[in-house]
Every structure is written in C-alpha cells, then in structure tokens.
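Below is one structure; the comments refer to it alone.
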Amino acid sequence: MAIEYDAAQPTGSAEDALAAVAADLPGVLITDPGELRRRSKDRSAMISPFLAAELEGRRAGAVALPTTEAEVVAVVGSCARHGVPIVPRGAGTGTFGQAVPMAGGVVIDLSRLTGVLWHDDGAVRVRAGTLLADIDATLAGSGGELRMFPSSRRTATAAGFVVGGHGGIGSIRHGVLGDRGNLLGLRLITVETPPQILELRGDQADLIQFSMGTAGIVVEVEFPLTRARAWRDMIFSFPSLDQGVEFAHQLTLADGLDVKNAMPCDARSASYFTPLAAYLPEGNAAVLCMVAPHATERVTELAAEWGGAPTLDVATGQGPRGLPLYEYTWGHSIWWIRKEEKDLAVVLSLLPVEQPGKALRTLLDTVGEPVWVSIPCQRIAGRPGLQIGLGVDASVPGRVQEVTDAAEQAGCLVADIHRPFLGEGSIRRIDERREVMRNRVDPQGLCNPGRIDRPAAGPATPLPGAPTSGPTTPGATHGWSERFDKRSASK
Ligand SMILES: Cc1cc2nc3c(=O)[nH]c(=O)nc-3n(C[C@H](O)[C@H](O)[C@H](O)COP(=O)(O)OP(=O)(O)OC[C@H]3O[C@@H](n4cnc5c(N)ncnc54)[C@H](O)[C@@H]3O)c2cc1C
C-alpha cells in the first residue's frame with residue numbers, strides 16, 4: 001500500500017535537486033546505503049507494529065553530519081535553495097516515526113553538534129546534539145541538575161528531547177516539557193535562502209516544543225535546572241495494582257515529598273524486568289520510584305498506608321547490573337516487555353484527574369486479559385496526569401481499537417500514536433500559533449514534510465489490524481496534554 005505524502009515541490013526531479021545540493025557542498029553529503037538506512041530509522045516499532053510497517057523502507061536520499069553551526073547553515077541553505085526536504089535528527093530514539101523521512105531529502109543528523117556552553121545555578125545551555133546524560137554529568141557537583149529527562153537519557157539528545165519528547169523522570173514534580181517554564185530558550189536555524197539564525201525565548205520557544213522536526217533546526221537549547229539530589233532507587237511491592245496506583249496517585253499529589261519518579265506496573269509487566277526479579281515478588285504489582293534520601297522514610301510510610309513495602313533501596317544506578325531504576329520506567333517499561341512480546345502495541349492514554357484508580361479498574365475490567373500495564377506519573381499544567389501505557393496483543397484483529405474505545409469510555413484521554421502525524425487526536429495538534437511559527441521558520445514547507453495532519457489523500461486503506469479511527473474525543477481541537485488540561489479544568 002503506497003501512501004503519498006505532500007512533499008515540497010522542487011523544480012526538476014528530486015534527484016536533480018539533491019545532486020545540486022551535493023554539488024554545492026562537495027564531500028559533505030553521505031550516500032552510503034547502510035548509513036542512509038541507519039539514519040532514516042527511529043524506535044517506532046517499540047510501541048506500534050502498525051507504524052513500523054508504515055515506515056518500513058522510507059529513506060533519506062543523503063545524510064549530513066555537521067559538527068558546527070556554520071556547517072548546519074550551509075546544508076540548510078543549499079537544501080532551501082534547491083527545494084530539498086530536510087529531516088533534522090538527534091539520536092533517533094523517538095517513537096512516533098518523527099525522524100523518519102516521509103519524502104526523501106537530506107537527514108541532518110545533529111548528534112555531533114555537542115557541548116555544554118554554560119551553566120549557572122538556575123539554567124544550562126547546550127548544543128543540540130549533547131546527550132542528556134552528559135548534561136547532568138557536566139552539572140555534577142554544581143548543585144544543579146535537569147528538571148526532567150526521558151528514560152532514554154543515556155542515548156537521547158537535548159534538541160531531540162525538546163522537539164520530539166514529552167516528559168519523563170522529573171515530570172512528577174516539574175510537569176512536562178510543554179508546561180510553562182520548562183524550556184527557557186533555543187537557537188534556531190530557519191529553512192530559507194539564506195537561513196536566518198533566531199534566538200527564541202519563552203512562549204516563542206514553546207512553539208517549537210514537540211513540533212516533530214517540522215519547524216527549523218535547533219542548534220542550541222537552554223533548560224532550567226532544579227536542585228540536585230543523591231537520588232535513591234526504591235521499589236515498593238503491593239498485593240494489587242489498584243493499591244500501587246492509589247499510592248502513586250497520592251505520591252504525585254504530595255508536593256512535600258521529594259521524589260523524581262514513580263511508576264506503578266502490574267505483576268505481569270514486572271515479570272519482564274528480569275534483572276529485578278529478586279525485588280519483585282511473584283504475583284505482586286510494583287511501584288518503581290526515585291526518592292531523595294531525606295524523603296525515603298515518609299514515602300515508605302505512605303506506601304504502607306496502601307499495603308506496600310519496600311523491596312529495594314539503593315543509590316540510583318547501584319541496583320542490579322548497574323542499571324538505574326528509571327530504565328524500567330516510561331518508554332523503557334515497554335522496551336523490556338517488547339523484547340519478548342513481538343506483537344505488542346501500546347494504547348497510550350491519560351487517566352482522568354479525579355479518581356484515576358477507579359477509571360483504571362473500569363478499563364481493566366472491560367478489556368480483560370492479557371494486557372500489560374505501566375503507569376508513569378506526571379503533572380500536566382499542575383494537575384496529576386497518570387499516563388497508562390497499555391500493552392496489547394496487536395496480532396488479535398481489532399484488539400487495539402477495542403482497547404482504545406474502552407479507554408475513552410472509561411474517561412481516559414487516548415493519544416493516537418499509530419500514525420506518524422501531528423494532528424487531531426495525536427499527541428500535539430498544530431494550532432494557529434504554531435502554524436504561524438512554522439510558516440515563519442520554514443516558508444517553503446521543506447522541514448520534515450508529511451507530518452502535519454493526515455496527508456491530503458489520507459492512507460488509502462488502513463494497515464491490517466491498525467485502529468480504523470483515532471480517539472473519538474468530541475470537539476478535540478488540541479493536542480493530548482492541552483486536551484487533558486481543558487477537560488480537567490472543566491471538571
Ligand atoms: C526506550 C525508550 C524510552 C523512551 N522514554 C521516553 C520518555 O521517558 N519520555 C519521552 O518524552 N520520550 C521517551 N522516548 C522517546 C525519545 O527517546 C525521546 O523523546 C528523546 O528525547 C528523543 O531524542 P532523540 O535525540 O533520539 O531525538 P530523535 O528521535 O532523533 O528526534 C526526535 C524529533 O526531534 C526532531 N529533532 C531532533 N533533533 C533536532 C534538531 N536539532 N532540530 C530540530 N528538530 C530536531 C526530529 O526530527 C524528530 O522529529 C523513549 C524512547 C525509547 C526508545
């Protein structure tokens with residue numbers, strides 16, 4: 001099934017245009033087939049076999065690996081002049097097909113544009129390709145650390161997180177990346193001839209967050225910091241998932257408790273975290289946490305109120321195999337399960353703010369077995385947003401749709417993560433302000449084309465087994481977290 005995506009219309013053929021860029025930049029573009037394959041992929045298969053099938057075989061025509069801002073400007077300028085699509089890329093750990101070229105063109109891989117530029121007691125400024133783990137390593141001893149990072153921290157880049165990420169470890173206290181104040185500013189190269197270099201601050205910078213590479217090339221990012229702690233990895237074991245979820249919900253609300261992460265999971269999911277087996281009593285649910293040393297006592301007390309007890313308490317990264325506990329949470333919880341369950345697809349949703357445990361129970365009772373449940377806890381615009389990654393057996397026809405519908409019926413807000421587009425029902429919708437910004441920084445529509453809403457023609461036939469309709473939230477005109485915010489505020 002071929003899907004046609006709107007690409008920019010170069011003059012002449014796409015091959016001629018790419019050849020013109022290559023002629024402008026001798027020795028810069030890489031066309032080795034192995035490199036093209038490697039740098040045209042992301043990690044979508046982890047959450048959606050449908051997305052993986054749809055993206056299979058999509059390739060860039062060339063790759064550029066700039067190490068300086070001037071090199072980025074040169075590549076962008078030439079692509080803009082010849083009408084060649086551009087796909088910015090960090091480490092390629094994104095899971096929504098975001099860094100996969102839908103219309104060929106040049107992948108600009110920013111992973112070699114690295115370095116911490118400066119930091120003080122409140123902020124840090126880095127080059128785009130700096131790994132998130134390297135930022136915190138540089139900050140070590142300064143008293144500051146990043147407010148939040150994805151569980152892919154060791155491999156993900158700063159700009160990749162800002163442009164393609166949502167939130168993660170730290171979001172239980174600081175909210176998500178899109179929340180006001182969690183991104184201070186960024187330096188952006190526009191896709192025009194000649195490219196402009198913009199410093200976007202505050203609200204303007206927020207318009208680039210989660211734009212899936214469709215709004216210029218980020219070369220520097222400025223993050224706010226929080227106070228560093230000697231975090232402890234703690235596992236709490238609970239007789240039932242419901243008890244674990246109630247504990248995690250209370251922990252999300254309890255601002256006085258200094259925690260950086262909490263994720264309840266059911267006994268089935270826990271059984272896939274094999275290195276942790278000794279700390280996960282069989283048949284029990286678990287909540288995986290990151291807790292400040294001074295808070296362990298009170299967090300343990302709260303767990304006991306809900307029937308839970310600690311089974312592990314070590315310095316972060318000192319647990320089995322030296323893996324930090326956060327590498328079993330957020331996206332990583334799915335990664336461990338997906339290693340064994342090749343047909344797994346994820347139905348991703350937010351539980352309602354009020355009585356999330358009750359909605360979860362209704363949902364699980366409706367969908368029956370088997371499902372794999374993990375629930376990273378976060379705040380979204382100050383409200384508790386317990387996010388369920390519900391693993392589903394996608395080889396059963398109609399199962400993903402059935403679970404999607406049940407989640408909406410139970411009051412959850414489902415994000416459509418099985419199509420590689422921003423738009424209705426997806427994590428983020430491109431609203432008018434974002435559209436204005438996109439037009440300003442990419443007037444020819446060359447930046448990661450094929451990402452905004454469905455392509456005009458739309459997928460001709462749904463992929464076998466794929467959900468046939470997206471989430472059905474009435475009047476959904478915003479992205480996932482904005483819709484969550486609106487729905488919660490109206491309660
Ligand atoms: C195991 C696993 C766990 C994960 N856990 C989380 C999690 O906890 N939270 C979360 O939010 N995500 C998570 N993710 C998704 C992903 O890892 C993160 O969002 C990560 O921050 C992406 O960084 P990256 O460098 O790999 O970006 P990429 O995947 O390379 O790119 C992501 C998007 O940003 C764009 N982009 C990249 N660099 C630039 C640039 N310099 N300028 C403009 N656009 C750019 C790309 O075009 C793409 O659209 C996880 C993924 C995996 C595989």
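For ligands, and for the atoms within them, numbers begin at 1 and follow the listed sequence. Only a predicted model underlies this, so the values are computations on that prediction, with no experimental measurement involved.
For ligand 1, one of its N or O atoms has an N or O atom of Gly92 under 3.5 Å away. For ligand 1, the polar-atom distance check finds an N/O of Gly167 within less than 3.5 Å of one of the ligand's N/O atoms. Polar contact check, Met212 against ligand 1: a nitrogen or oxygen pair lies under 3.5 Å apart. Considering backbone and side-chain atoms together, Thr95 places no N or O closer than 3.5 Å to any N or O of ligand 1. Residue-to-ligand polar distances keep Trp335 apart from ligand 1: every N/O pair is separated by 3.5 Å or more. The distance criterion of under 3.5 Å between nitrogen or oxygen atoms is met by Ser151 with respect to ligand 1.
In this structure, Asp42 has no heavy atom closer than 4.0 Å to ligand 1.
The one candidate from Pro275, Ser374, Ser269 that meets the side-chain contact (heavy atoms from CB on, under 4.5 Å) condition with Trp336 is Pro275. Ile86 pairs in a side-chain contact (heavy atoms from CB on, under 4.5 Å) with only one of the listed residues (Val107, Ile108, Ile189, Val21), which is Ile108.
Of all the listed residues (Ala91, Gly165, Ala128), Gly165 holds the heavy atom that lies closest to atom 19 (O) of ligand 1. Atom 35 (C) of ligand 1 has its nearest heavy-atom neighbour, among Leu132, Leu188, Val163, in Val163.
Heavy-atom minimum distance, Leu132 versus Pro150: CD1-CD, 3.2 Å.
Cation-pi geometry between Arg419 and Phe421 is not satisfied (NZ or CZ under 6.0 Å from the ring centre, within 45° of the ring normal). The cationic atom of Arg268 (NZ for Lys, CZ for Arg) lies less than 6.0 Å from the six-membered ring centre of Trp372 and within 45° of the ring axis.
The number of heavy atoms from other shown groups lying within 6.0 Å of CZ (Arg227) does not exceed 12.
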From CA spacing to verdict: salt bridge (Lys or Arg N to Asp or Glu O under 4.0 Å), Glu145, Lys260: CA-CA 12 Å; Glu145 64 179 27; Lys260 190 140 183 153; 2.8 Å; yes

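Both the backbone and the side chain of Pro88 come within 4.0 Å of ligand 1, counting heavy atoms alone. If you look at Thr157 next to ligand 1, the close heavy atoms, those under 4.0 Å, come from the backbone and the side chain alike.
Each of the atoms 25 (O), 28 (P), 30 (O), 37 (C), 38 (N) of ligand 1 lies under 4.0 Å from some heavy atom of Gly90.
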